Amino acid sequence: MIVTGGSSGIGLAVARLFAARSAAVTLIARRASALEQAADTLAALPGEVGTVAADVRDDAAVAAAISDAEAARGSTTDLVTSAGSVRPGRFLELSPDECRRQMDVNLHGTVAAVRAVYPGMVARGTGRICMIASAAGLLGIAGYTAYAPSKFAVRGFAEALRMEARGAGVRVSVCYPPDTDTPQLAEETPLKPPETKAITGAAKVWRAEDVARLIVRGMDHGHARILPGLEVAALARFGPLLQPLLDWQFDRVVARARRQ
């Protein structure tokens, strides 16, 4: 199996669970040094673990990385796309390049990885793909004017591909994690505008290991949507009905945060 963004956070936690099952796992991320450290943490597990450094924004590099992984460890049976990027900020404070970068990593990086494994899965008539979106892919939040659209797009891609893949024997899932204790969250939190902190600050922060367990369980059971926690589940299932109430609540929170 292959995990993009596998050097830390949710991706590494998923890889650990698969390696514990004796699966052959390849971690893909940008930095070779981080990949080596991640692989070292999995070395005691029964699964074979390899690494390939690649930037998911580079379609050719992703295709080459996955080709190398398959040459070394066999055809891809499972793909988890966990590579992601977030830099919160008000829209007027985010450069066009930053907005484009988040879309490139979160959406186009996901598409590139899927494109590299999907034809083989279809040809074999089997395979599993789980894309990591975000709770911000279910509801736009102030301060995520670049991040939320990229995760909404992942959601749309996953839902559309699921319909196409079903008849080919390939199961497609999408997970919507809330804030999760990862290096990315640690980098993101100081950059959140006050209104973003006010909206997200009261929510439970999940452990990466707990999200990973739900992802693996959801893939095992063929769940199209993997929804960590009651709040995310309610938002995914009743979002249109809840939208007026949420708009009213968050508008008040934003206004209060700006006054303070």
Side-chain angles (χ1 to χ4, degrees), residues 1-31 34-54 56 62 65-66 69-70 73-86 105-106 109-110 112-114 116-118 121 127-135 137 151 154-155 158 162 170-185 205-229 232:
M1 70 98 58
I2 290 175
V3 184
T4 66
S7 61
S8 65
I10 294 171
L12 179 56
V14 168
R16 182 175 290 109
L17 293 176
F18 273 91
R21 296 180 170 186
S22 300
V25 180
T26 300
L27 311 177
I28 296 176
R30 283 186 304 120
R31 295 184 293 122
L35 284 168
E36 291 173 6
Q37 292 175 5
D40 287 344
T41 69
L42 307 181
L45 298 173
E48 177 188 354
V49 178
T51 66
V52 186
V56 297
V62 172
I66 290 177
E70 292 188 328
R73 279 168 286 281
S75 300
T76 303
T77 56
D78 298 279
L79 170 69
V80 175
T81 61
S82 187
S85 176
V86 53
V105 173
N106 298 336
T110 295
V114 172
V117 304
Y118 184 64
M121 289 182 174
R128 302 188 302 182
I129 297 169
C130 182
M131 306 181 208
I132 310 300
S134 167
K151 292 300 188 177
V154 171
R155 171 189 176 184
R162 185 195 66 80
V170 181
R171 291 184 289 178
V172 176
S173 306
V174 57
C175 180
Y176 300 95
D179 275 352
T180 304
D181 186 12
T182 64
Q184 181 170 271
L185 181 65
V205 176
W206 281 63
R207 297 170 65 246
E209 294 77 10
D210 294 333
V211 175
R213 274 193 288 272
L214 290 178
I215 289 170
V216 174
R217 185 186 308 160
M219 293 175 70
D220 286 345
H221 289 86
H223 293 167
R225 295 186 297 177
I226 300 169
L227 307 168
V232 171

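What you see is a predicted model; the values in this text were computed from it and never measured. Along the sequence shown, residues carry numbers from 1.
- Counting all heavy atoms, side chain and backbone alike, Ala15 lies closest to Val3 at CB-CG2, 4.2 Å.
- Using a 4.0 Å cut-off between a side-chain N of Lys or Arg and a carboxylate O of Asp or Glu, Asp220 and Arg217 do not qualify as a salt bridge.
- Side-chain contact between Leu185 and Thr180 is absent, with no heavy-atom pair separated by less than 4.5 Å.
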With side chain to side chain contact (heavy atoms under 4.5 Å, CB included) as the test, would you mind laying out the steps for Val211 and Arg213 before giving the verdict? CA-CA 5 Å; Val211 175; Arg213 274 193 288 272; over 6 Å; no
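- Counting only distance, with no hydrogens or angles, the side chain of Thr110 and the backbone of Thr81 share no donor-acceptor pair below 3.5 Å.
- Rounding to the nearest 0.5 Å gives a distance of 7.5 Å between CE of Met1 and CG of Leu79.
- Summarising the geometry of Ala112 relative to Val56, their closest heavy-atom pair is CB-O, 4.1 Å, with the distance given to 0.1 Å.
- Between the Asn106 side chain and the Ser85 main chain, a donor and an acceptor come within less than 3.5 Å of each other.
- For the residue pair Thr26/Arg73, the side-chain donor-acceptor check at 3.5 Å is satisfied.
- Checked for salt-bridge contact, Arg207 and Asp181 miss the test: no charged N lies under 4.0 Å from a carboxylate O.
- The CD1 atom of Ile2 sits 14.0 Å away from atom OG of Ser82, with the distance rounded to the nearest 0.5 Å.
- Glu70 contributes a side-chain N or O that, together with a main-chain N or O of Thr76, makes up a donor-acceptor pair within less than 3.5 Å.
- Taking every heavy atom of both residues into account, Gly6 and Ala38 meet most closely at O-CB, 4.1 Å.
- Note that OG of Ser173 is 6.5 Å distant from CE of Met219, once rounded to the nearest 0.5 Å.
- Side chains of Ser7 and Gln37: a donor-acceptor N/O pair is absent below 3.5 angstrom, by distance only.
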Go through the steps to decide whether Val114 and Met131 satisfy the test side chain to side chain contact (heavy atoms under 4.5 Å, CB included), and finish with yes or no. CA-CA 9 Å; Val114 172; Met131 306 181 208; 4.1 Å; yes
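- To the nearest 0.5 angstrom, Ile10 atom CD1 is 10.0 Å from Glu209 atom CD.
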Apply side chain to side chain contact (heavy atoms under 4.5 Å, CB included) to residues Arg128 and Val170 and explain how you reach the verdict. CA-CA 6 Å; Arg128 302 188 302 182; Val170 181; over 6 Å; no
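- Scanning all heavy atoms of the two residues, the minimum distance from Ile215 to Cys130 falls at CG2-SG, 3.8 Å.
- Judged by distance alone, the side chain of Thr4 and the main-chain N or O of Ile28 form no donor-acceptor pair under 3.5 Å.
- Within 6.0 Å of CZ on Arg30 lie no more than 12 heavy atoms contributed by other residues, nucleotides or ligands.
- With contacts defined as side-chain heavy-atom distances shorter than 4.5 Å, the pair Arg171/Ile129 does not qualify.
- At a threshold of 4.5 Å between non-hydrogen side-chain atoms, the residues Trp206 and Asp179 do not count as touching.
- Rounding to the nearest 0.5 Å places CZ of Arg225 at 9.5 Å from CZ of Arg162.
- Ala113 and Ile66 get closest at one heavy-atom pair: O-CD1, 3.8 Å.
- The residue from Leu214, Val80, Ile226 that alone fulfils the side-chain contact (heavy atoms from CB on, under 4.5 Å) condition with Cys175 is Ile226.
- Atoms NZ and OH, from Lys151 and Tyr176 in turn, are 11.0 Å apart once rounded to the nearest 0.5 Å.
- With contacts defined as side-chain heavy-atom distances shorter than 4.5 Å, the pair Leu45/Arg16 qualifies.
- Scanning both residues, Ala208 and Ala13, for their nearest heavy atoms gives O-CB, 3.7 Å.
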